[in-house]
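A short worksheet on the structure shown next.
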Number of protein chains: 2
Amino acid sequence: MAMGPSDGTAGLGGTKGLFSPVSVDRISEVIVEQVRLLIREGKLVPGDRLPSERSLCEQFGVSRVTVREALRVLEASGLVEIRVGARGGAFVVQPSSERVGKGLAELMTLASMTAGDVTEARMVFELGILPLVVERATEEDIADLRVLVEQGLNALESGSYTMAMSAAFHVRVASAAHNPAIEMLVQTFHGPMLMSLQQAHVAAPLMGPRGAHEHFELVEAIEQRDLERARGIMTRHLQRTADRLADYQDPRLENLDGEE
Amino acid sequence: MAMGPSDGTAGLGGTKGLFSPVSVDRISEVIVEQVRLLIREGKLVPGDRLPSERSLCEQFGVSRVTVREALRVLEASGLVEIRVGARGGAFVVQPSSERVGKGLAELMTLASMTAGDVTEARMVFELGILPLVVERATEEDIADLRVLVEQGLNALESGSYTMAMSAAFHVRVASAAHNPAIEMLVQTFHGPMLMSLQQAHVAAPLMGPRGAHEHFELVEAIEQRDLERARGIMTRHLQRTADRLADYQDPRLENLDGEE
DNA sequence: TTGGGCAAATGGTCTGATTATTTGCTAGTA
DNA sequence: TACTAGCAAATAATCAGACCATTTGCCCAA
């Protein structure tokens, strides 16, 4: 018996009419909302496994197709991860800032946003967090940064320096502010850059010796808790990015390889 | 003939082995990637309509279920919008920062991110962009802000002030920086706040007369291009949010109603 | 000219089946 | 006993063909 969406509540809600919208549409969406709620309420925590598709069919009283569409949406939203095979199924995942940033980066590349726009936002943000970084950086933070600088210098010599390494450095600096929201945002900035670089096949080394040395100096300034010096270095460092971008005729994201 | 995912490439790629992952899985994902690419390349622009489900089935040589799952993912990603009925179908949408922020907000509330974290990030960002705002705000920007302040004051008197209004004001201020990246990020900050407020059923007026007056003063300072004054006002304004948040025992996002 | 109604297009859903993959257990062998 | 090969079960991925609900546009009648 193929039933249409007319009785879309599918036994949910039932007697009480406290539905927010007039949504008599899309059973799968109702399922998504239920699961979402369970996750928000903490009744489902990362690592938990949802019932199998067939179980969910029975519990919701819908067909497998509908359940699968709901799972697809949940997966695309970064809430669950689906594994096949025995002991497989839908597992609730811990939403990482990385995962969040990915989605955001995707849309930033689509939005009408120039490389200059992104660079300017970086200027504001990465300079703005420096006081926090200088104040809060731990020995571990600094040790990590030293390693990254070291790797950068080595890669530079062997000509294998990539933008990803530069991005990793900047993100690691931001994480020294010890604020997940800030870390996520910085990650977001670098996402679209890396993405567009991959698209443009510009994996070539773009970091000059000067930029690498600035990374080194920045770590030193952070270690010495010298905010003014750190600010000066970062300003120069980012400014050169901006300048290089200005050289392009069409400074859209495709050309976001100005990081030196 | 029910064929499994063994030939999951579905005729794509074919001879050349330049697939990024080993992803021989999930035909629907391949379809998603194709459409995504078309959108990125500008071959599909907002407003365009994808072929109907049944057409896509033929073109891709897959079943409707598979196509539908791909469409679900694209829809959840905010790339297309699906309308039913004749002349319906999947339409490419302009990815707005609002649409993006929604999904993002969801994940941010789930991520281990406290209200304090978000507030601190706001401090950095909203203070950091003030120089740009003061420099670039147009008469239109200021007129819009005046309207928002007016509405806020009226709502305050009638007791109908909502957090959404405060958020709208802050976002509008950010948009006066005339940088899409910045606007989008500020919107991202406010998304999770609104969401958690709705969850906590705290739609009540939280904006004190003091906060509303600060909004008014801020607009004035922007109009006068008085950066220092604007900075002072914004600092006080956000600081009170931080202070209020500190009163909570568990300052998680559920309590992100500190905006006054 | 206008209104009603019918038909086509289209998404939403159902049913029942096959295939591929993973896991765990079992039996056979050294 | 220990180890490996292989089979069985669980599970997601997909297919095929059907029916329902909604929207749009057109045609015909008043």
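Throughout, a chain's letter reflects where its sequence line sits, starting with A, and its residues are numbered from 1. We use all heavy atoms of the structure for the numbers below, so side chains are in, but hydrogens, waters and symmetry mates are not.
- Using a cut-off of 4.0 Å between Lys/Arg side-chain N and Asp/Glu carboxylate O, B:R72 and B:E69 are scored as not salt-bridged.
- For C:dT22, neither phosphate oxygen OP1 nor OP2 lies less than 4.0 angstrom from any side-chain nitrogen or oxygen of A:R87.
- The phosphate of D:dA13 (OP1 or OP2) has a side-chain N or O of A:R68 nearer than 4.0 angstrom.
- The minimum heavy-atom distance between A:E81 and A:V93, with the atom names listed, is CB-CG1, 3.3 Å.
- Closest-nucleotide positions on DNA chain D for A:G88 and B:G85 were compared, and the one nearer the 5' end corresponds to A:G88.
- Remark: P of D:dA16 and CD of B:E69 are 15 Å apart, rounded to the nearest angstrom.
- Here the P atom of nucleotide D:dA12 and the CD atom of B:E29 are 17 Å apart, to the nearest Å.
- B:R68 places no side-chain N or O within 3.5 Å of a backbone atom of B:S63 that could act as its donor or acceptor partner.
- A:L71 comes within contact range of no nucleotide atom at all, as no heavy-atom separation falls under 4.0 Å.
- Considering only side-chain N and O atoms, B:R72 lies under 4.0 angstrom from the phosphate OP1 or OP2 of C:dG12.
- Atom CD1 in A:I27 sits about 12 Å away from atom P in D:dT22, given to the nearest Å.
- Protein atom CG of B:L74 is 14 Å distant from nucleotide atom P of C:dG11, rounded to whole Å.
- Listed nucleotides C:dT13, D:dA13, D:dC15 differ in distance to A:S63; the shortest reach to its side chain belongs to C:dT13.
- Counting heavy atoms of neighbouring residues, nucleotides and ligands inside a 6.0 Å radius, atom CZ of A:R87 does not exceed 12 of them.
- Between A:R83 and the phosphate of D:dT11, there is no side-chain N or O to OP1/OP2 separation shorter than 4.0 Å.
- In this structure, the nucleotide among D:dA9, C:dT13, D:dC15 sitting nearest to the side chain of A:A86 is D:dA9.
- Separating the CZ atom of B:F60 from the P atom of D:dT14 is a distance of 13 Å, rounded to the nearest angstrom.
- A side chain to side chain contact (heavy atoms under 4.5 Å, CB included) with B:L74 is found for one member of B:I82, B:V32, B:V92 and no other, namely B:V32.
- For B:R49 (side chain) and B:G88 (main-chain N/O), a donor-acceptor pair under 3.5 Å exists by modelled atom type.
- One finds a side-chain N or O of B:T66 lying less than 4.0 angstrom from the OP1 or OP2 phosphate oxygen of D:dC15.
- Near DNA chain C, meaning a heavy atom under 4.0 Å away, the residues from residues 47-57 of chain B are B:R49, B:S52, B:E53, B:R54.
- Residue pairs meeting the salt bridge (Lys or Arg N to Asp or Glu O under 4.0 Å) criterion with at least one member in residues 158-176 of chain B, sequence neighbours excluded: B:D141-B:R172, B:D144-B:R172.
- The side chain of B:R64 sits closest to C:dG11 out of C:dG11, C:dT22, D:dC15.
- Candidate nucleotides D:dT14, C:dT15, C:dA8 were compared by shortest atom distance to the side chain of A:V65, and C:dT15 ranks first.
- In this structure, B:E81 places its CD atom 15 Å from C1' of D:dT23, rounding to the nearest Å.
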